[in-house]
Amino acid sequence: MSEEITIKEAQLIVDQWIRQYGVRYFSELTNMACLTEEVGELARVIARKYGDQSFKTGEPTDPADEMADVLWVLLCLANQTGVDLTEALKKNLEKKTKRDATRHINNEKLRVKN
């Protein structure tokens, strides 16, 4: 796959993969636990790569792969629960834009210090 994928296409691709290779979706509760596990794995890589911890021998070092794992399970959960992530993201951006239109701009803590 070398071409760009929309969120909607990603949801379809994951659904097709599950039906072809995965037999069926895990339950929503199992996938929520899997999502939590994958976020933890991403956190471990970030803590070691950008934080103060060091990698253990043989430990994954690629945050991209861990992020893709998080996205995969999130796409599964969206498919299972009937959520169109494209529409959900659009609505979420609208909500954040209304709510935070000036909040961050006026936050002294975020101003660049020279």
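Predicted, not measured: the structure shown is a model, and the values here were computed from it.
Here the closest heavy-atom approach between residue Cys76 and residue Asn31 is recorded as CB-ND2, 3.9 Å. In terms of heavy atoms, Gln80 sits closest to Glu28 at NE2-N, 3.6 Å. Heavy-atom minimum distance, Ile7 versus Leu85: CG2-CB, 3.5 Å. Minimum heavy-atom separation, Val45 to Asp62: CG1-C, 4.1 Å. Taking both residues in full, the closest heavy atoms of Leu93 and Thr97 are given as O-OG1, 2.7 Å, listed atom of the first, atom of the second, then distance. For the residue pair Ile46 and Pro63, the shortest heavy atom distance occurs at CD1-CB, 4.1 Å.
At a cut-off of 3.5 Å, with distance as the only test, a side-chain donor of Asn79 or Tyr25 sits close to an acceptor on the other residue.
Residue-environment remark: CG (Leu29) stays at or below the threshold of 12 foreign heavy atoms within 6.0 Å. Residue Arg24 qualifies as open at atom CZ: its count of foreign heavy atoms under 6.0 Å is 12 or below.
Using a distance-only test at 3.5 Å, with no hydrogens or angles considered, a donor-acceptor pair links the side chain of Asn106 to the main chain of Thr102. Side chain of Thr30 to backbone of Phe26: no donor-acceptor contact under 3.5 angstrom is found. Glu37 places no side-chain N or O within 3.5 Å of a backbone atom of Cys34 that could act as its donor or acceptor partner. A donor-acceptor pair is defined here as one N or O able to donate and one able to accept, closer than 3.5 Å; such a pair exists between the side chain of Gln11 and the backbone of Val83.
Remark: Glu41 CD to Met67 CE distance equals 13.5 Å, nearest 0.5 Å. Rounded to the nearest 0.5 Å, atoms CG (Asp65) and CD (Glu38) are 9.0 Å apart. Distance OG1/Thr61 to CZ/Arg48: 11.5 Å, rounded to 0.5 Å. Going from atom CG of Leu110 over to atom NE2 of His104 covers 7.5 Å, rounded to the nearest 0.5 Å. A distance of 9.0 Å separates CE in Met32 from CG in Leu74, rounded to the nearest 0.5 Å.
A chain of hydrophobic side-chain contacts below 4.5 Å, direct or via other Ile, Leu, Val, Met, Phe, Trp or Tyr residues, connects Leu89 to Trp72. When the side chains of ILVMFWY residues are joined at heavy-atom separations under 4.5 Å, either directly or via intervening members, Ile5 and Tyr21 end up in two distinct hydrophobic clusters. The hydrophobic clustering, which links ILVMFWY residues whose side-chain heavy atoms are closer than 4.5 Å, places Val23 and Trp17 apart.
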- Task: Output, in order, the C-alpha distance, side-chain angles, deciding distance and verdict of salt bridge (Lys or Arg N to Asp or Glu O under 4.0 Å) for Glu66 and Arg44.
- Result: CA-CA 10 Å; Glu66 299 302 336; Arg44 183 186 314 113; over 6 Å; no
- Query: Lys91 and Glu94: salt bridge (Lys or Arg N to Asp or Glu O under 4.0 Å), yes or no, with the steps?
  - Reply: CA-CA 5 Å; Lys91 288 178 184 175; Glu94 288 173 17; over 6 Å; no
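Checked for salt-bridge contact, Arg111 and Glu108 meet the test: a charged N lies under 4.0 Å from a carboxylate O. Salt-bridge annotation for Glu87 and Lys90: present, with a side-chain N of the basic residue lying under 4.0 Å from a carboxylate O of the acidic one.
Here Asp69 pairs with nothing under the side chain to side chain donor-acceptor pair (under 3.5 Å) rule; sequence neighbours left out.
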